[in-house]
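Chain naming here is simple, since letters A, B, ... match the order of the sequence lines and numbering starts at 1 in each.
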Amino acid sequence: MQVRWEKLARWRREGQAYPNGFRRDALAGDMQRRCADMDAAALEQEPILARLGGRLMSRRIMGKASFADLQDGSGRLQIFLGRENLGEGLYGMFRDLDLGDIIGVEGALFRTKAGELSLRASSLHLLAKALRPLPEKWHGLNDPETRFRQRYVDLIVTEQARRTFQIRAGAIASIRRGLLDHGFLEVETPMMQPIPGGATARPFVTHHHALDMTLYLRIAPELYLKRLIVGGFEKVFEINRNFRNEGISTRHNPEFTMLEWYEAYADYRQAMDRTEALIRSAALATLGTERIRYQEQDLDLGRPFARMTVAEAVRSHNPDLRDANLRDPLLLGEKLRDLGVPVRTGWGWGKRLVEIFEKTVETQLQQPTFITEYPTEVSPLARCNDLEPEVTDRFELFIAGRELANGFSELNDPEDQARRFQSQVLAKEAGDEEAMFFDSDYIRALEYGMPPTAGVGLGIDRLVMLLADQPSIREVILFPHLRPEQP
RNA sequence: GGGGGUGUAGCUCAGUCGGUAGAGCAGCGGCCUUUUAAGCCGUGGGUCGAGGGUUCGAAUCCCUCCGCUCCCA
């Protein structure tokens with residue numbers, strides 16, 4: 001590194017060390033594509049000139065001539081540098097470059113004896129010095145901490161990382177297009193909320209000085225989006241960050257990206273159909289196929305997703321409960337004890353059943369599966385089933401053993417909603433830090449009348465994990481949360 | 001919070017039974033005009049995560065702490 005600083009100092013003495021005059025007129029990846037079918041003779045007959053800018057990634061120096069690999073945002077191209085073409089001065093300058101330097105080259109394309117498309121450099125410019133060495137050219141960067149902390153280095157050397165974030169952008173674009181095409185309006189609602197609502201989770205707390213008030217980073221946009229439904233925007237969606245002050249794991253980051261959409265005059269069944277369609281087209285748009293491979297497992301997003309109720313799922317994965325009464329709190333409590341899950345006071349049959357589901361079924365759901373009929377007890381914002389008010393018209397979608405989406409027919413009865421908030425407040429007073437607050441303005445909004453509506457929340461990061469075949473959420477977030485670096 | 005793994009050169013990693021700290025890549029010097037993980041010769045580079053202990057002697061054994069990581073709660 002010392003040597004690189006000395007080289008930079010020399011560049012500064014000799015003139016412009018960070019020139020800004022070089023303009024490129026081609027990209028490496030474009031050239032590869034354009035010349036894919038041209039052999040050596042074709043390139044000689046019809047010379048293609050190109051000016052490329054990019055990073056010097058590797059070099060093979062053979063005395064009076066050298067090969068180098070240039071990487072830009074589109075891909076890589078091999079460069080041939082001969083003393084004959086460049087002259088003594090520029091060739092000497094090339095030999096003085098370091099891996100990682102940002103350079104500009106111009107020349108004509110040709111094919112080498114080995115058939116590789118290459119650019120015969122006729123001139124060369126150093127555009128920016130790399131003062132720090134790149135990681136090892138073959139093994140790349142392996143230490144996960146460094147990869148996340150210095151994502152810029154990871155992106156330089158890890159092809160898979162670049163690909164992952166391209167898939168991410170493609171999936172989001174596909175979903176946005178899909179919703180816009182169906183007449184949805186994209187909106188932005190508050191990230192800082194006086195009452196954090198829309199989910200059961202522990203919020204981050206902050207303080208607004210001028211107003212001298214406590215504000216919470218949102219855990220979900222749900223209640224604001226439904227206020228917009230009341231307002232007459234009948235199809236809305238938002239793709240943005242949620243914040244939850246909870247543990248960090250391969251599936252959880254304190255801030256994560258959530259898609260939520262709401263559609264008036266629809267119910268949870270149509271919401272399931274739309275969920276399925278959006279995921280399918282995101283896979284097609286990014287991977288070109290509906291049959292994907294996730295962590296050694298084949299998943300088929302093309303077939304209609306399976307649908308079963310919570311109770312059905314629990315029965316089929318727990319033979320001992322096949323004929324049991326799944327609304328008997330005592331029986332469910334015994335099962336939980338067998339599973340080693342401590343039963344907290346206040347848990348009714350619904351909460352107990354969902355705990356059993358999470359413990360025994362969730363990770364088993366590899367192929368896409370909608371689970372429906374969530375107990376009302378654990379669904380404080382969902383509409384009760386008309387025939388069976390103990391359960392709600394709600395679903396969650398599981399793929400590869402992970403929850404990907406959650407949706408329901410919205411509860412639009414203000415009296416019922418007020419009662420549900422009330423029982424959440426009781427749970428909070430009993431010590432449940434994740435329980436909801438009572439949001440009286442939201443009740444007021446419902447009192448103006450909200451049409452029957454279906455809504456869905458879909459975890460974007462988890463969808464990207466699936467599409468990009470990544471085992472950890474930190475692989476799909478550019479700058480995942482880390483402890484501050486030690487001095 | 002509990003358990004496992006791990007921390008050695010810029011990067012990727014070896015390091016045996018406790019006995020002078022190693023390789024490859026990257027760097028530096030030299031040779032080399034069709035290489036593509038180029039090759040060959042030479043060469044510099046270390047707070048072995050930190051602190052303590054055992055020992056004639058510790059990267060290695062013991063203790064404490066810290067970081068990272070995976071699994072579980």
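- For the P atom pair drawn from B:G53 and B:G24, the interatomic distance equals 38 Å after rounding to whole Å.
- Pairing partner, B:G7: B:C66, with both Watson-Crick or wobble hydrogen-bond distances short of 3.5 Å.
- The six-membered or imidazole ring of A:F256 lies away from that of A:F243, with a centre-to-centre distance of 6.0 Å or more.
- Heavy-atom nearest nucleotides on RNA chain B were determined for A:R120 and for A:P135, and the one closer to the 5' end corresponds to A:P135.
- The OG1 atom of A:T146 lies 10.0 Å from the CZ atom of A:F148; values are rounded to the nearest 0.5 Å.
- Nearer the 5' end of RNA chain B, as judged by each residue's closest nucleotide, is the contact made by A:R59, out of A:T112 and A:R59.
- No option in A:E312, A:E276, A:E396 other than A:E276 meets the salt bridge (charged side-chain N to carboxylate O under 4.0 Å, His left out) test with A:R307.
- When both distances must be under 3.5 Å, the Watson-Crick or G-U wobble mate of B:C32 does not exist.
- The environment of A:M192 atom CE is sparse: at most 12 non-hydrogen atoms of other residues, nucleotides or ligands sit within 6.0 angstrom.
- Across all strands shown, B:G1 pairs with B:C72; the Watson-Crick or G-U wobble distances both stay below 3.5 Å.
- The partner of B:A23 is B:U12, judged by Watson-Crick or G-U wobble contacts that both fall below 3.5 Å.
- Remark: B:G18 base-pairs with no nucleotide; criterion is Watson-Crick or G-U wobble with both hydrogen-bond distances under 3.5 Å.
- Checked by distance alone, A:E116 brings no side-chain donor or acceptor within 3.5 Å of a matching partner on the base of B:U35.
- Using a 4.0 Å cut-off, no side-chain N or O of A:N142 falls inside it from OP1 or OP2 of B:C11.
- A sub-4.0 Å separation between OP1 or OP2 of B:C40 and a side-chain N or O of A:R60 is absent.
- The pairing partner recorded for B:A58 is none, the criterion being a Watson-Crick or G-U wobble arrangement whose two distances lie under 3.5 angstrom.
- To the nearest whole angstrom, the two P atoms, one in B:U64 and one in B:G22, are 32 Å apart.
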